[in-house]
Amino acid sequence: MEDFQRRILIADDNKDIHDDIKYILETSSVNMEEYQEAQLLKKELFGEKDADDTVEAVIDIRYSIDDAYQGSEAVEMVKRAKESGHPYSLVFMDVRMPPGMDGIETIESIWKIDPDVGVVICTAYSDYSWDQIVAKLGQNDNLLFIRKPFDNVSLKQIALAMTTKWSLKMQVREHIENLEKQVALRTNELTETVDRLRQEIALREEKEQQLAYSAHYDSLTDLLNRRSFYKSLMALTEDGLYHKDEFSLFYIDLDNFKSVNDLYGHDVGDKLLIEVAERISSVLEQHASLISDYVSEDGRVKAIFRLGGDEFTAVIDETRREEVGAIAQKLIDMIKEPYFISNHEVDISCCIGISIYMNGNVPVDMLLKYSDIALYEAKRTQGVYRFHALSQSYMHLYEIKTEKELKKAIERDQIRVYLQSLVNSDEKVVGIQALVRWLHPEYGELEPGQFLHIAQKSDQIILLGTYVLRKALMYLRRIHEAGYRDLFMMISCTAKEFYHPGFISTIKSALHEAGIAPEHLKLNLEDKFSFQAAQSALTIIRELSDLGVQFAVNGFESAYPAFAFLQQMPKETMIKLNKAYVQNIVTDKRNRSFLLSLMDIINMLDLEVIISGIETQEQKQLLESRRCILQGYHFNSPKPFEDYLEDLEQGA
């Protein structure tokens, strides 16, 4: 059964009219029980048979009816109903309701409050014609007429039609409002979803940029990395946006950077690399080529790269050798300036290898190799730049071949330890210098200058140094056993060996195996030994000195070591001066005076002097009045152990 409850307002000054309308409308609904009783009574009176067994449903239409007897009262009741949320669906309006406003004026006021309410004008006669009413109220489908006296069926139909129309209108409006709410809700949800998607897209783009940055940039220096270098080199040499017909490639490498890490620690080393990168970027800012930044679509960045460790590269627009050389020298000078890091003053230099690309004259995969060859040549001097030349390529290939062969030289028993005497001014042998030779199967006997610089570029110097140390001490034991127990053995040591973590334990182990007292071992610190971190070096020296090992310091001609450092060395330390100090002392008075003055200063520090490179009797005579140890071909030449021992026993 459908349930409709509709509110109706009757506005008429005649109470009888109210009662008539209520009676007609209230009898318009019949409940099921009354309907069945009426059907039974009808059957009894008229003897009618049942039409069928189905009872039709009765629509129960219920009205909630209120009364108003004046126009103003009706207006107020409509207003209150509207405000309460339970408005009237239909108003039956009398035209004449003296003494107040008439029905037309009342309708006009009501529609200003609630334009949705339907109105039925009930009158037997009217002061207004239909045209006048339309002119005053307008054409409106919420307005109907019914004449008094009422026809019951017409009144019922009008009430049902008007209230049903109002109800449907309200339902449609509510449905539309619900739809609008749903649309607004969905719109908000969609807006929120779009905002979330935008945030996710922005976050994804940010992450993609971060990934692209980490893939193409060095995390320490923020320069482009090795991967970017090779991609950029291809972009510069292939057809495309960044193609260049010519450019120069710098290969930059720091000198002795490993000693900075060993002496100060990796934290200082990292900070040094950051500052070096900043100096490289500053000097090359106006010269480096522009290439893709590999992060943003149209971003560009200077072509300066960190390949790894202490190696950097840069692509330079200039190609004229004079201009390129000037830029390289400016960069070398800038990097050479002191660094102040974590309360340390750190000095570092660099070498630069340069190759020039001119309209495809060099295969792209060889550009870095050619710069590396030039760098290798520059490393022989340190603190300089070199351009690639074809002769350098041949030398580089030779050294690569030599490096491979050197790896197997110890295993194949090709390394020899030669011995040379150290004598005093009376030409009495006081010590022995161990010197390494390589009996190469193709090139014959190679002296240290022909292969040690190759060994020092890798860890082969550690293996080679350990082999020489053990072999020399075993020879010393045999010399002691032959009766020469006062002689010491001097063995050269590079910085790379000295700062190796296992250096001290290697010395102790070799002494123990050979059965040699530590005081018979002198370590000659060579290779322009760096004493920037004096405290770190002194810690190693003092530990070995406490054991009994003694030291000689070489490389004095290059301002190493500093006098302040020498004053902290053990008193048994010797200063070794090489051939450059004595080669002209016979003919050059100035050189002779300088050497003798330098020896006086060293003696004032209570240190001994070893002078190598004595080749003539005249050189020896100039120095025989001085307290020093002499070494050179004037006394004897380096020889294999058996030959040396034989000469020693014969007093040669």
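Quick caveat: nothing in here was measured; it's all calculated off a predicted structure. For this chain, numbers begin at 1 and follow the sequence in order.
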Short side-chain donor-acceptor distance under 3.5 Å, Ser232 and Tyr242:
no

Measure the acute angle between the ring planes of Phe387 and Tyr385, then classify it against the limits of 30° and 60° as parallel, tilted or perpendicular.
perpendicular

Given 3.5 Å as the limit, does a donor-acceptor pair link the side chain of Ser281 with the main chain of Ala277, or not?
yes

Locate the shortest heavy-atom distance separating Ser545 from Pro570; write the atom from each residue and the value.
OG-CG, 3.4 Å

Do the side chains of Ile432 and Ser421 get nearer than 4.5 Å, heavy atoms only?
no

Distance (rounded to the nearest 0.5 Å) between Ile507 CD1 and Glu497 CD
8.5 Å

Measuring from Thr506:OG1 to Leu469:CG, what's the distance to the nearest 0.5 Å?
7.5 Å

Rounded to the nearest 0.5 Å, how far does CD of Glu615 lie from NZ of Lys620?
16.0 Å

Please check: side-chain N/O of Glu285 versus main-chain N/O of Ser282, any donor-acceptor pairing under 3.5 Å?
no

When rounded to the nearest 0.5 angstrom, what distance separates CD1 in Ile575 from CG in Leu598?
9.0 Å

Minimum-distance pair of heavy atoms, taken over all atoms of Thr221 and Leu273
CG2-O, 3.9 Å

For the residue pair Glu405 / His440, report whether a side-chain donor-acceptor contact shorter than 3.5 Å exists.
yes

Under the 3.5 angstrom rule, does the side chain of Arg306 hit a backbone N or O of Gly309 as a donor-acceptor pair?
yes

Hey, does Thr237 have a side-chain heavy atom less than 4.5 Å from the side chain of Lys244?
no

Report yes or no: does Ser371 contribute a side-chain atom to a donor-acceptor pair with the main-chain N or O of Tyr251 at less than 3.5 Å?
no

Please answer whether the main-chain N or O of Gly353 pairs with a side-chain N or O of Arg386 as donor and acceptor at a distance below 3.5 Å.
no

Check step by step if side-chain hydrogen bond (donor to acceptor under 3.5 Å, both in side chains) holds for Gln433 and Lys576.
CA-CA 12 Å; Gln433 172 83 54; Lys576 190 172 184 182; 2.8 Å; yes

Could you tell me whether the side chain of Lys522 and the main chain of Phe551 form a donor-acceptor pair under 3.5 Å?
no

Heavy-atom check, side chain of Met366 versus side chain of Ser355, under 4.5 Å:
no

For Tyr475, side chain to side chain donor-acceptor pair (under 3.5 Å) partners two or more places apart
none

Check this for me, if you would: do Asp218 and Arg226 make a salt bridge, where the nitrogen-to-carboxylate-oxygen distance has to be below 4.0 angstrom?
no

Short side-chain to backbone donor-acceptor contact, Glu445 and Trp438, under 3.5 Å:
no

So ring-ring contact (aromatic ring centres under 6.0 Å, His included) across residues 319-339, not counting sequence neighbours, yields none

Start with the C-alpha distance between Asp310 and Lys258, add both sets of side-chain angles, then the distance that settles salt bridge (charged side-chain N to carboxylate O under 4.0 Å, His left out), and finish with yes or no.
CA-CA 9 Å; Asp310 60 338; Lys258 186 177 184 300; over 6 Å; no

Heavy-atom donor-acceptor pair, Arg279 side chain to Glu337 backbone, under 3.5 Å:
yes

Quick one: which of Thr573, Leu523, Val553, Leu525 gives a side-chain contact (heavy atoms from CB on, under 4.5 Å) with Ile541?
Leu525

Heavy-atom closest contact (Leu446 atom, Phe451 atom, distance):
O-CE2, 3.4 Å

All heavy atoms of Ala303 vs all of Ile291, minimum pair found to be CB-CG1, 3.7 Å

For Tyr644 and Gly431 the tightest heavy-atom approach is OH-O, 4.4 Å

Given the rule in the side-chain contact (heavy atoms from CB on, under 4.5 Å) test, do Val268 and Asp270 qualify, once you have shown the distances and angles that lead to the verdict?
CA-CA 5 Å; Val268 172; Asp270 287 347; over 6 Å; no

What is the minimum heavy-atom distance between Arg437 and Pro448, and which atoms define it?
NH1-CD, 3.3 Å

Per side-chain contact (heavy atoms from CB on, under 4.5 Å), Arg592 is matched among Asp588, Leu596, Leu595 by Leu596

Do Tyr370 and Ile373 pass the side-chain contact (heavy atoms from CB on, under 4.5 Å) test, and can you show the C-alpha distance, the side-chain angles, and the key distance before you say yes or no?
CA-CA 5 Å; Tyr370 284 176; Ile373 292 172; 4.3 Å; yes

Contacts of type side chain to side chain donor-acceptor pair (under 3.5 Å), residue Lys407, not counting sequence neighbours:
none

Does a side-chain heavy-atom distance below 4.5 Å link Ile332 with Gln329?
yes

For residues 279-310, which residue pairs pass the ring-ring contact (aromatic ring centres under 6.0 Å, His included) check, not counting sequence neighbours?
His216-Tyr294, Phe229-Phe305

Indicate whether the side chain of Asn636 and that of His634 have a donor and an acceptor atom separated by less than 3.5 Å.
no

Does the side chain of Ile585 reach to within under 4.5 Å of the side chain of Phe594, using non-hydrogen atoms?
no

Is a side-chain donor or acceptor of Gln619 paired with a backbone partner of Thr616 at a separation under 3.5 angstrom?
yes

Can you list the steps and then say if Ile356 with Arg321 is a side-chain contact (heavy atoms from CB on, under 4.5 Å)?
CA-CA 9 Å; Ile356 297 178; Arg321 289 175 73 94; 4.1 Å; yes

Applying side-chain hydrogen bond (donor to acceptor under 3.5 Å, both in side chains), run through Asp222 and Tyr213 and close with a yes or a no.
CA-CA 9 Å; Asp222 287 328; Tyr213 189 88; 3.0 Å; yes

Are any of the side-chain heavy atoms of Asp245 and His243 separated by less than 4.5 Å?
yes

Side-chain touch Tyr418/Lys639, heavy atoms, less than 4.5 angstrom
no

For the atom pair CE (Met490) and CG (Leu419), what is the distance rounded to the nearest 0.5 Å?
13.5 Å

Taking it one step at a time, do Leu272 and Tyr264 satisfy side-chain contact (heavy atoms from CB on, under 4.5 Å)?
CA-CA 11 Å; Leu272 175 62; Tyr264 301 111; over 6 Å; no

Close side-chain approach of Ile280 and Leu223, heavy atoms under 4.5 Å
no

Can you tell me how far apart CG (Leu577) and CG (Leu623) are? Round to the nearest 0.5 Å.
10.0 Å

With distance as the sole test, does Thr466 use its side chain to make a donor-acceptor pair with the main-chain N or O of Ile462 at under 3.5 Å?
yes

Under 6.0 Å from the NZ atom of Lys471, do we count more than 12 heavy atoms belonging to anything else shown?
no

Contacts of Thr319 that satisfy side chain to side chain donor-acceptor pair (under 3.5 Å) - sequence neighbours left out:
Glu246

Are Lys496 and Asp262 close enough for a salt bridge, meaning some N to O gap below 4.0 Å?
no

Tell me, please, which residues at least two apart from Asn584 pass side chain to side chain donor-acceptor pair (under 3.5 Å).
none

